[in-house]
There are 2 protein chains.
Amino acid sequence: MEKNNSTLERILDEGRHLIQKYGYNGFSYADIAEIIGIKKASIHYYFPTKQELVRAVLQRYNKEFLNNLYQIDQQFSDPLDKLKSFFLLYRRTLENDSKICLCSMMAAEISSFPEEIRDDINRFFLDNQKWIEKVLAQKNASDDSSFSDSLSEQSRLLLTFVQGAQLLVRASGEIDQYDTMVNNLLKTL
Amino acid sequence: MEKNNSTLERILDEGRHLIQKYGYNGFSYADIAEIIGIKKASIHYYFPTKQELVRAVLQRYNKEFLNNLYQIDQQFSDPLDKLKSFFLLYRRTLENDSKICLCSMMAAEISSFPEEIRDDINRFFLDNQKWIEKVLAQKNASDDSSFSDSLSEQSRLLLTFVQGAQLLVRASGEIDQYDTMVNNLLKTL
DNA sequence: TATATTCTACCATTTAGTAAGTAAGTCATC
DNA sequence: GATGACTTACTTACTAAATGGTAGAATATA
């Protein structure tokens, strides 16, 4: 998945991992430098300030995530399969050293960021919701079940669920809970 | 609600607010000192280390929250009213300077804490879930609707929802979303 | 007087960030 | 094909401020 080619890409990768694990206020340039074996100043060469770094990390993440959703669309035609893959996407983050979605973490820390970064975070959630909504529309079309809630509201509920599930699983440390909750949620659809 | 009596209580109150807004890694002793108009060293007099402080804040919060749930039980008899008050409890946190639940924030930052603090965080969620489960049991008893999901699983879904909703509302900055989502959720019960 | 509380003054370390230098590569020109 | 100008990618060495934390003096309060 991650090639860790250039120094720049390694900085972005490790920066992302550290934020997902410890948060924006919980990591330093020194942490990244030590992990990838370069000097602090080399990171400043690519990203003069910490906020510039985190913004690059964020935009890269959003792009990659959208690409993942696109891949799911390509791979599956059944809406339910798409939703399952969506939840699996979030599960993989939890599996991997018990991290959480970058934007979940940054949403919690949002008071530490300027408006441009806040906008990027919010856009991530909007894009997620829009994608879910599209899948639900596809599902409703091929289905006989119709919902009273608008698709927009229903997709927001699903997104809300997956965001909250991450926090609970992180608190308990038991990833099996995630599977159980996802299964219970899918039953209600 | 908060009397801000003694110095110790003011330290705990402001510590809590700062964590809810910026996270454990996002505030310092100097911040608290400046806000309540004392010197850093005075905080160390009460709480020698930052982790001791945050642990005291956490345990106080958990106790207060349980007390809030107890108050709800006293005030309402209808299970649905109880649930609405539960969601209102979380809403009040969002209203107040757009903070989130202390344990939501600390769950995100959980990798920064030793096991004893992690346990306290997890216990908060378990207590929440248990309370919801009790309310759902009461609701099912007085109701004709029966659910296929176990009450345990269903209560976890509700808790998951309210945790995720906080993150989304924080990202968008629009608290009305919270009300809409809660209403949509209550419709499904 | 004794005890609890708060302060001044410090410490070592870490923080984000800067300045200046260096080694290696690119590239046009003679 | 060698020379010099410029660029890229990094390092060493530093700074000022902030961090959590401590020792001991000063001040209340009982």
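Lettering of chains follows the sequences in order, A, B, ..., and the numbering in each one begins at 1.
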message = Which nucleotide wins on minimum distance to the side chain of B/A41, given the candidates C/dT6, C/dA16, C/dA9?
response =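 Taking heavy atoms from C-beta onward, the closest nucleotide is C/dA9.
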Grab the [atom1]-[atom2] distance between [X] and [N] for me, whole Å please.
| X | N | atom1 | atom2 | answer |
| --- | --- | --- | --- | --- |
| B/I11 | C/dA4 | CD1 | C1' | 14 Å |
| A/F27 | C/dT14 | CZ | P | 17 Å |
| A/H44 | C/dA16 | NE2 | C1' | 5 Å |
| B/Y46 | C/dA4 | OH | C1' | 8 Å |
| A/Y45 | C/dA23 | OH | C1' | 13 Å |
| B/N5 | C/dT5 | CG | P | 14 Å |
| B/E9 | C/dT5 | CD | C1' | 16 Å |
| A/E52 | C/dG17 | CD | C1' | 12 Å |

task = Select from A/Q51 and B/G37 the residue whose nearest nucleotide in DNA chain C is closer to the 5' end of that strand.
result =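 Between the two, 5'-proximity favours B/G37.
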query = Is there a donor and acceptor pair, one atom on the side chain of A/K40 and one on the base of C/dG17, closer than 3.5 Å?
reply =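 Indeed there is one.
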message = Check A/D13 with A/R16, please: is the shortest side-chain N to carboxylate O separation under 4.0 Å?
response =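 A/D13 and A/R16: not salt-bridged.
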N-O pairing of B/E14 and B/R10 below 4.0 Å =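 Salt bridge between B/E14 and B/R10, a charged N being under 4.0 Å from a carboxylate O: no.
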inquiry  = Strictly by salt bridge (Lys or Arg N to Asp or Glu O under 4.0 Å), give each pair with a member in residues 65-74 of chain A just once, sequence neighbours left out.
reply    =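 For residues 65-74 of chain A: A/D73-A/K82, A/D73-A/K134.
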Under 4.0 Å, counting only non-hydrogen atoms across every strand here, what does [X] touch: a base, just sugar-phosphate, or nothing?
| X | value |
| --- | --- |
| A/S42 | base |
| A/F47 | nothing |
| A/K39 | base |

task = Return the orientation label for the A/F87 and A/F161 ring planes: parallel under 30°, perpendicular over 60°, tilted otherwise.
result =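 Perpendicular, since the angle between the ring planes exceeds 60°.
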task = Using chain A heavy atoms and a threshold of under 4.0 Å, write down where along DNA chain D the contacts begin and end, 5' to 3'.
result =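 Answer, 5' to 3': D/dT8 to D/dT12.
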ask   = When you check the phosphate oxygens OP1 and OP2 of C/dA16, does a side-chain N or O of A/T49 lie under 4.0 Å from one of them?
value =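 For C/dA16, OP1/OP2 do not have a side-chain N/O of A/T49 under 4.0 Å.
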query = Would you say a side-chain N or O of A/S28 is under 4.0 Å from OP1 or OP2 of C/dT14?
reply =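 For C/dT14, neither OP1 nor OP2 has a side-chain N or O of A/S28 closer than 4.0 Å.
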ask   = Under 3.5 Å, is there a donor-acceptor pair linking the side chains of B/E52 and B/Y46?
value =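 No pair is found: no donor N or O on one side chain lies under 3.5 Å from an acceptor on the other.
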task = Compute whether any side-chain donor of one residue and acceptor of the other, for A/E153 and A/S150, lie under 3.5 angstrom apart.
result =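 Result is no, nothing qualifies.
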inquiry  = Return the CZ to CD distance between A/R118 and A/E109, rounded to the nearest 0.5 Å.
reply    =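 A/R118 atom CZ to A/E109 atom CD measures 12.0 Å (nearest 0.5 Å).
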